[in-house]
Undergrad: 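Mind having a look at this structure? Questions to follow.
Just so it is clear: chains get the letters A, B, ... in the order the sequence lines come, proteins before strands, and each one is counted from 1.
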Amino acid sequence: MPELPEVETTRRGVAPYCRGQVVQELVVRESRLRWPVPPQLGGLIANQTIQEVERRGKYLLFRTAVGSLLVHLGMSGSLRVVDSGQAPGRHDHIDVRMLSGSCLRFHDPRRFGCFLWLEPGEQHPLLSQLGPEPLSDAFDGDYLYRLSRGRSAPVKSFIMDAKVVVGVGNIYANEVLFLSGIHPRRAAGRISRARYTVLADNIKQVLTSSIEQGGTTLRDFVGGDGKPGYFALRLYAYGRGGEPCKRCGGLLREIRLGQRTTVFCVTCQR
DNA sequence: CGCTGACCCTGACGGC
DNA sequence: TGCCGTCAGGGTCAGC
C-alpha cells in the first residue's frame with residue numbers, strides 16, 4: 001500500500017503511541033521478510049525508550065538511545081496500534097509491545113517489508129543512496145534537470161528511482177506526469193528545464209495534498225484495520241487505462257514500463 | 001556508470 | 001467450482 005503519503009500518514013498515526021514509550025519486548029512470529037529479521041533485534045530494542053519516529057523516503061525509523069529500528073512496509077505492509085492483549089491475525093508478523101500496554105503490530109501478506117537495526121551514526125546502505133525528499137528545498141526543477149542530462153531512461157522510471165528522489169511510487173508517477181503533460185516514455189535527458197520545473201511543482205503539490213488528506217483518516221491506524229485506503233486523490237491516469245482522458249476525452253493508453261503499469265494520454269502528454 | 005529485466009511473496013480477480 | 005495466468009501501491013541485484 002505505501003506510497004510516501006501513506007508512510008507519512010502511518011508515521012503520524014503511530015508516533016503518539018510510540019514516542020516516549022518503553023519497549024517491553026519484540027514478538028517475531030515470522031522472520032522471513034525482504035531480509036531476515038535479525039535474531040538479536042528483540043534483545044537490542046527491549047527496555048529501550050522510543051525517542052522519536054522519523055521517516056526517510058518510505059523508511060520509518062524508531063529512534064532509541066542505542067540505535068534505531070528501521071522499518072519498510074514494502075508493497076503490502078501496514079503498521080497499526082492495538083492493545084497488547086488482542087490476538088494476532090494471519091500475516092500479523094511482528095509486534096512491538098510497549099510497557100504501556102499498547103502494541104505496534106506489523107502486518108504484511110507479501111513480506112516485501114523489512115525490520116532491521118541501525119547502530120547510532122551508522123550509515124545504512126539502504127539509506128545512504130537515497131535522493132532528496134520531494135518536499136524539501138533541495139528538490140526542484142533545476143535539480144531534476146541537472147541530474148537527468150545524458151540519461152536515456154524513460155522519465156517515469158527516472159522519477160521513480162529512489163536515488164533520484166524518494167517517495168514517488170507508481171500511482172503518483174502516473175498522476176504527476178499526466179498533470180505535467182509529459183509522456184512517461186520520454187527520455188529523461190530530453191526534457192527542458194521549464195518542464196522539469198512544472199513536474200517538480202506537481203510532485204510537491206500532489207504529495208502535499210495527499211498527506212493532508214491522510215491526516216483526516218488517522219483514526220484508521222489505531223485499533224482499526226490499519227489500512228489508510230486510497231486517499232481521496234482524484235485520479236486522472238492511474239487505473240484508468242481505456243477510459244476517457246478527463247482533459248481531452250480521448251482514450252487513455254496503457255503500457256508497461258519497467259514492469260509497472262503506465263497510463264497516459266497520447267494527446268495531452270508529449 | 002546507466003539501464004533492463006528477473007526476482008522476492010501472497011492474494012485477488014478474470015477467463016475458461 | 002476449480003484451475004491457471006496475470007496483476008498488485010515496494011525495492012534489490014546481476015548482467016550487459
Side-chain angles (χ1 to χ4, degrees), chain A residues 1-11 29-37 55-60 70-79 89-94 106-116 124-131 134 144 146-178 184-190 203 206-207 210-211 213-214 217 220 225-242 254-263:
Chain A
M1 99 195 27
E3 291 242 9
L4 185 137
E6 285 86 340
V7 178
E8 175 62 19
T9 301
T10 296
R11 188 190 72 78
R29 286 176 288 270
E30 174 59 83
S31 61
R32 296 173 302 168
L33 304 184
R34 178 69 174 82
W35 292 281
V37 178
R55 179 186 61 74
R56 177 72 178 97
K58 292 173 184 167
Y59 291 91
L60 289 170
L70 181 63
V71 175
H72 197 289
L73 302 178
M75 203 89 134
S76 57
S78 62
L79 281 174
R90 189 161 159 74
H91 303 306
D92 284 343
H93 303 314
I94 299 177
F106 175 69
H107 174 90
D108 187 10
R110 292 175 74 180
R111 292 192 274 119
F112 287 173
C114 68
F115 262 61
L116 297 171
H124 198 281
L126 290 172
L127 301 180
S128 61
Q129 306 259 50
L130 295 180
L144 284 178
R146 276 183 274 110
L147 196 62
S148 61
R149 292 310 88 184
R151 301 279 200 109
S152 62
V155 62
K156 177 161 179 270
S157 307
F158 179 69
I159 59 170
M160 287 181 70
D161 183 349
K163 293 198 234 12
V164 174
V165 57
V166 297
V168 181
N170 198 33
I171 295 179
Y172 294 100
N174 278 299
E175 292 307 301
V176 144
L177 288 171
F178 177 88
R185 199 142 56 185
R186 175 169 289 276
R190 315 186 98 202
I203 289 173
V206 170
L207 290 178
S210 287
I211 290 170
Q213 291 173 53
T217 62
D220 296 333
D225 59 9
K227 293 179 194 157
Y230 290 85
F231 298 131
L233 175 70
R234 181 168 176 197
L235 294 172
Y236 287 93
Y238 181 79
R240 298 195 65 244
E254 186 168 311
I255 61 173
R256 282 188 83 74
L257 217 54
Q259 355 267 80
R260 297 301 181 129
T261 297
T262 302
V263 181

Undergrad: Please tell me which of the listed nucleotides, B:dT4, B:dC3, B:dG11, lies nearest to the side chain of A:R151?
TA: B:dC3
Undergrad: Apply side-chain contact (heavy atoms from CB on, under 4.5 Å) to the pair A:I94 and A:V37, showing each step before the final yes or no.
TA: CA-CA 10 Å; A:I94 299 177; A:V37 178; 3.9 Å; yes
Undergrad: Does B:dT10 have its OP1 or OP2 closer than 4.0 Å to a side-chain nitrogen or oxygen of A:S76?
TA: no
Undergrad: Would the base of C:dG10 count as contacting A:E3 through its side chain, where contact means a donor and an acceptor less than 3.5 Å apart?
TA: no
Undergrad: Do side-chain atoms of A:E175 reach the backbone of A:V206 as a donor and acceptor pair under 3.5 angstrom?
TA: no
Undergrad: Under 3.5 Å between N/O atoms: give me all the protein pairs with nucleotides 12-16 of chain C, atom names plus distance.
TA:
| from | atom 1 | to | atom 2 | distance (Å) |
| --- | --- | --- | --- | --- |
| C:dT12 | O4' | A:R34 | NH2 | 2.7 |

Undergrad: Judged by atom type as modelled, is there a donor-acceptor pair below 3.5 Å linking the side chain of A:S76 to the main-chain atoms of A:R110?
TA: yes
Undergrad: Atom CG of A:L4 to atom P of C:dG10: distance rounded to whole Å?
TA: 11 Å
Undergrad: Roughly how many Å apart are B:dG11 and C:dG11, using the P atom of each and rounding to a whole number?
TA: 22 Å
Undergrad: How many Å lie between CZ on A:F158 and P on B:dG2, as a whole number?
TA: 10 Å
Undergrad: Can you find an N or O donor on one side and an acceptor on the other, under 3.5 Å apart, linking the side chain of A:R90 with the base of B:dG11?
TA: no
Undergrad: Check the distance between B:dC8's C1' and A:D108's CG and give it to me in whole angstrom.
TA: 11 Å
Undergrad: For C:dG10 and A:R260 - does any side-chain N or O of the residue sit under 4.0 Å from the phosphate oxygens OP1/OP2?
TA: yes
Undergrad: Nearest to the side chain of A:Q259 - B:dG5, C:dG11, B:dT10?
TA: B:dG5
Undergrad: Whole Å only: how far is the CG atom of A:L73 from the P atom of C:dG9?
TA: 16 Å
Undergrad: For the side chain of A:F112, counting heavy atoms from C-beta on, which of B:dC9, B:dG11, C:dG9 is nearest?
TA: B:dC9
Undergrad: Side chains of A:K156 and A:N170, heavy atoms from C-beta outward: is any pair under 4.5 Å?
TA: yes
Undergrad: Would you kindly say whether A:R256 and A:T261 are connected by a side-chain donor-acceptor distance under 3.5 Å?
TA: yes
Undergrad: Using 30° and 60° as the class limits, which term best fits the ring planes of A:H107 and A:H91: parallel, tilted or perpendicular?
TA: perpendicular
Undergrad: side-chain contact (heavy atoms from CB on, under 4.5 Å) between A:L70 and A:L127: does it pass, once the steps are laid out?
TA: CA-CA 10 Å; A:L70 181 63; A:L127 301 180; 4.2 Å; yes
Undergrad: Evaluate the criterion side-chain contact (heavy atoms from CB on, under 4.5 Å) for residue pair A:I203 and A:Y172; output intermediate values, then yes/no.
TA: CA-CA 8 Å; A:I203 289 173; A:Y172 294 100; over 6 Å; no
Undergrad: Closest to the A:R111 side chain: B:dG5, B:dC9, C:dG9?
TA: B:dC9
Undergrad: Expressed as a whole number of Å, how far does the P atom of C:dC3 sit from that of B:dC9?
TA: 23 Å
Undergrad: Heavy atoms from C-beta onward define the side chain here; which of C:dG9, B:dG11, B:dC3 lies closest to that of A:A153?
TA: B:dC3
Undergrad: Take atom CG of A:D92 and atom P of B:dG11, then tell me their distance rounded to the nearest Å.
TA: 13 Å
Undergrad: Under 4.0 Å from OP1 or OP2 of C:dA8: is there any side-chain N or O of A:R256 that close?
TA: yes
Undergrad: So does A:R32 get a backbone contact from the side chain of A:E30, meaning a donor-acceptor N/O pair under 3.5 Å?
TA: yes
Undergrad: Start with the C-alpha distance between A:H72 and A:L116, add both sets of side-chain angles, then the distance that settles side-chain contact (heavy atoms from CB on, under 4.5 Å), and finish with yes or no.
TA: CA-CA 9 Å; A:H72 197 289; A:L116 297 171; over 6 Å; no
Undergrad: Any non-hydrogen side-chain atom of A:P2 less than 4.5 Å from a side-chain atom of A:T10?
TA: no
Undergrad: Provide, to the nearest angstrom, the distance between the CG atom belonging to A:N170 and the P atom belonging to C:dG10.
TA: 6 Å
Undergrad: Pick the nucleotide of DNA chain B nearest each of A:S157 and A:H91; which residue has the one closer to the 5' end?
TA: A:S157
Undergrad: Does OP1 or OP2 of C:dG9 have a side-chain N or O of A:Y172 closer than 4.0 Å?
TA: no
Undergrad: A:L33 CG to C:dG10 C1': how many Å, rounded?
TA: 13 Å
Undergrad: Treat a base pair as Watson-Crick or G-U wobble with both distances under 3.5 Å, then lay out DNA chain C in dot-bracket form, 5' to 3', with | for cross-strand pairs.
TA: .|||||||.|||||||
Undergrad: Separation of A:R56 atom CZ from C:dG11 atom C1', in whole Å?
TA: 15 Å
